[in-house]
Amino acid sequence: MTDVTSPTDLVPAPRAVRGPTRPGVELTPGTTLWAGPGTETTERWLRSTLGPALGLPLLPGPEDAPGGLRLRIDGTLAPEAYRLAVAADRGIEITGGGAAGVFWGAQTLRQLLGPDAFRRAPVRPGRTRDIPHRTIEDAPRLRWRGLMLDVARHFMPKDGVLRYLDLMAAHKLNVLHFHLTDDQGWRIEIQRYPRLTEVGSWRARTKVGHRASPLWDDKPHGGHYTQDDIREIVAYAAERHISVVPEIDVPGHSQAAIAAYPELGNSDVVDTASLTVWDTWGINPNVLAPTDNTLRFYEGVLEEVLDLFPADAGPFSPFVHIGGDECVKDQWRASDTAQKQLGNLGLADEEALQSWFVGHFDRWLTARGRRLIGWDEILEGGLAPGAAVSSWRGYAAGVTAARAGHDVVMCPEQQVYLDHRQDAGPDEPVPIGYVRTLEDVYRFEPVPAELTPEETARVLGTQANVWTEVMEDQGRVDYQTFPRLAALAEVAWSDLPAPADRDFAGFERRMEAHYRRLDALGVAYRPPTGPLPWQRRPGVLGRPIDGPPPHR
Ligand code: ACM
């Protein structure tokens, strides 16, 4: 990157910037917008978001309007690539290889316009905007640039999810991995099984802090998305070129579903009828019974899920995440029903039983034109060929999966679990996991160096995971997610050198401009100087882990 100066420091960094060497362009209420065929999502976004921020109507105008804004597609560029050219004699032109490229170009234009462009209404009405002459050529490094939001442990109301989609778009992230179900809550309406939300979407009380903490919040916690809420979220994401990948976590992490429908659990081992939605944290032994009845139930769930998350809503919309993580097998070992099933299927052990369970849904999804993705435990006991893997327990699973020909999303907990604390200091709220600073995330390398070029092509990309056990509201989610998500976005988008050679000081300098954008967006990020007084949680027990980041 060359010659980008404050206040237009771009995050994520683009591939190449030229200028300014000539006069730029003045954006005024008279500036017109011409949108070529296929650029409608960006046209709508400019009029609904950028225009109102600056008080500019961006009225339709001819392609050759002097000083006008033009959007066009040039199929010789890669689909997500774009060129943004600003020059007095030509106006502002955003050319994308596809509709997504044009949209990412518009996100860059917004950054060039200063922090006010990130507000919802003009704070300096009547002010015009000078954009210096520039040509920016840009394209993403990785295809899957994601954020996983856990809305199960703490529910994020719909408006919060839409807001996160806007925040993702501003960082050129394009996959929301939507963790919709877990032991502590079921968050998606399934019409044929109403108890999933009637019973499964709320809990009477909640552990405050790590499970060893003595504190409880006795306020009931709950909420779910109706099917129309889900349709709205998916459509809002698609307008922003973001694919939403729903996660229905099976066969572990299922106590909320079992509380709603006790026959789903191992009722010959535990009294599943007395189970409630879990109110504390950790790995839960109450897993689904590995029966044909359970398969039929979840086929019913997934039929509705497929309808709500259509395969054509985005490049990664065919994917459905079925979890597969942390399924404790103790109940399967103790259950006559499970053992009988194991015997009937001629399986060697409980790992093979999980593999059977996952394999069933892989075939079921494949038969419907969809693709299964799961946490890396789904590799155990053998994985069906078309399935993809979210590598969370480190690099090794991702390497194994890529070598076995599976697509992989790299999200190792040692590096990009944003519930982990950002600093070793005593003021960090509810300190969980490793110290992973902004710099650690900036030096995260998502593509394992040991892979061959062919195996590397299996790495779809990367995502940060936001688990919300200790994030009870939007402010806590913001604090853990930002500014580190900006670093993850740059890792995923920009063509950075090897971790040790990355210019973190330069990133920090650009972040000065970016913090002003986050301020304008109302993001409660962790300030570089540490938490503000109200961002602390004195007296709430966490579970810090020591260990250096595995810089690669
Ligand atoms: C996970 O963190 N259990 C995927």
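As the structure lists them, so they are numbered: ligands from 1, and atoms in each ligand from 1. Along the sequence shown, the residues carry numbers beginning at 1.
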Quick check on contacts: which atoms of ligand 1 are under 4.0 angstrom from a heavy atom of Trp467? 1 (C), 2 (O), 4 (C)

Which protein non-hydrogen atom lies closest to atom 2 (O) of ligand 1, naming both residue and atom, and how far is it? Tyr417 OH, 2.7 Å

How about Phe357 and Tyr298: are their ring centres within less than 6.0 Å of each other? no

Is the CH2 atom of Trp202 crowded by more than 12 outside heavy atoms at less than 6.0 Å? no

Part of Glu326 within contact of ligand 1 (heavy atoms, under 4.0 Å): side chain

With a 6.0 Å cut-off on ring centres, are Phe319 and Trp144 close enough? yes

Could you pull out, from Asp150, Asp249, Asp325, the option with a heavy atom nearest to atom 3 (N) of ligand 1? Asp325

Side-chain ion pair, Arg141 and Glu445, N-O less than 4.0 Å: yes

